[in-house]
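Written out below as structure tokens is the structure these notes cover.
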Amino acid sequence: MDSFFSGKKIILGVTGGIAAYKSCLLARLLVKLGAEVRVIMTPSALEFVTPLTFSTLTGNEVIVNIFPETQKNGVSLKTWHIEYALWADLMIIAPLTVNSLAKIVHGFADNALTTVVAALRCPLVAAPAADVDMYNNKVTQENLKILKAMAYIVEPEEGFLASGLSGLGRMAEPEKILEASELVLAGFSKDLEGKNILVTAGPTYEDIDPVRFIGNRSSGKMGFQIAKAASLRGARVTLVSGPTAETAYPGIKQLKVRSAAEMKKAVDKNLSESDILVMAAAVADYRPESVAAKKIKKEENIKSIELTKTEDILGSIEKGDKKIVGFALETDNEFGNAKDKLTRKKLDMIVLNSLKDKSAGFEFDTNKVTIITKEGKIKEYPLMSKFLTANYILSEISEL
Ligand code: CTP
């Protein structure tokens, strides 16, 4: 499958802050993923990185002067800023200094970058960066409120700053800006702000003895992508995860569990604060009746293990007015089974994964799902990345 960024036209605006060095990596990542990148720098950005760095990385001319002397890319001299603004599918400004922020939100068009922003038709992603006091400054905070209505803001992070101080203001890492850009390019925004979402992911392991367990092939990827997408869309996310190799997205509260019983405990404890529960975990239906205290030896010649049913987490929760979403992974009679689970578990929506689909399901980074709501709406989605699938699932939840 082609990269999502393949063929996408992106303007990367770079303003004068030390984080500009990280934007070189961002440019590189975008180009590597197949995007066409044109860079515009403010004069102050030149103090930190050179246009040659970006033109080498992107293969395109870098614009610094509002009245450029040379013209490439088929852009006419008089209206290059309009041509650029119309050309782009997305503009990213990283880093965005407090100075450029102030200018942009008040409509200034005094350099190449601010002029293009003033003429922009496509979505804007902005990654502010400043020293802690400059960032927390009242005026900056007011300006950020205005920016919020104009752009998707990739919030800065806390940490060690170039000044030696420590605090909020470090520009988000390029990977995070890239993920936000994918989200925005796909047409999603921070529409889940103020929502608390509880997501479960991965398998559960039911111990047989200190060495062995009963597990399943769930990788946890789908649930982790739902958690990440919800976080990027502004939700407060709690992720209850079974044993998996996946890493939770920064800022997500992750609770690691092992067994179905532990998962149930964690869900029950966190459910009351949640508006939405998405049970993407592949919870074991059975566990050994008892766990052997010592490793079972071959000589014991055991023929069978006595099993008992685990408790159905979805089936036993107090739903209230929360939106409850389940998953169904089926190998046959997909629709029938999924609909039956939707009713039996009193769900608002169920996401059906079919193992019959190539490149969908366990371990893949892509998925193909069908969404069924309790009102009877059925929507089949094509094969796409689990990140995009996660976003469509979240949008369907929002519409419930
Ligand atoms: N689920 C749950 N607790 C369990 C088992 C499953 O909450 N003990 C949840 C899963 O997280 C999923 C939904 O129920 O969201 C459906 O899971 P699935 O395993 O497909 O359904 P089961 O009821 O276990 O039915 P079966 O295994 O027979 O298909």
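By convention here, the first residue in the shown sequence is residue 1. When a ligand or atom number is given, it counts from 1 through the structure's own listing order. As the structure is a prediction and not an experimental result, all values here were calculated from the model.
Closest protein heavy atom to atom 6 (C) of ligand 1: Lys345 NZ, 3.6 Å. Here the protein heavy atom with the shortest distance to atom 27 (O) of ligand 1 is Asp285 OD2, 2.7 Å. Of all protein heavy atoms, the one closest to atom 8 (N) of ligand 1 is Glu311 O, 3.1 Å. Here the protein heavy atom with the shortest distance to atom 10 (C) of ligand 1 is Ala281 O, 3.5 Å. For atom 25 (O) of ligand 1, the closest non-hydrogen atom on the protein side is Lys341 CE, 3.4 Å. With hydrogens left out, the protein atom closest to atom 16 (C) of ligand 1 is Phe327 O, 2.9 Å, a heavy atom. Of the protein's non-hydrogen atoms, the one nearest atom 2 (C) of ligand 1 is Asp312 OD1, 3.3 Å. Here the protein heavy atom with the shortest distance to atom 3 (N) of ligand 1 is Ile313 N, 2.9 Å.
Counting the atoms of ligand 1 from 1 in the order shown, those under 4.0 Å from a heavy atom of Gly326 are 15 (O). Residue Thr310 has at least one heavy-atom neighbour below 4.0 Å for each of these atoms of ligand 1: 8 (N).
An N or O contact shorter than 3.5 Å links Met279 to ligand 1 by distance.
Remark: Lys190 qualifies as a cation-pi partner of Tyr152 under the 6.0 Å distance and 45° angle criteria applied to the six-membered ring.
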Practice prompt. Begin with the C-alpha distance, continue with both residues' side-chain angles, and end with the deciding distance and a verdict on side-chain contact (heavy atoms from CB on, under 4.5 Å) for Phe224 and Phe387.
Written response: CA-CA 9 Å; Phe224 274 69; Phe387 179 60; over 6 Å; no
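With no hydrogens or angles considered, a side-chain donor-acceptor pair links Asn111 and Thr114 at under 3.5 Å. Between the side chains of Ser163 and Asp131, at least one donor-acceptor pair of N or O atoms lies under 3.5 Å. With no hydrogens or angles considered, a side-chain donor-acceptor pair links Gln254 and Ser241 at under 3.5 Å.
Hydrophobic cluster membership for Tyr205: Phe213 (Ile, Leu, Val, Met, Phe, Trp, Tyr linked by side-chain heavy atoms under 4.5 Å, directly or transitively).
Between Ser398 and Lys323, the shortest heavy-atom distance links the atoms O-NZ, 4.0 Å.
Nearest-heavy-atom check against atom 7 (O) of ligand 1 across Leu314, Leu342, Leu329, Ile350 picks out Leu314.
Listed by chain and number, the residues in a salt bridge (Lys or Arg N to Asp or Glu O under 4.0 Å) with Lys8 amount to none (sequence neighbours excluded).
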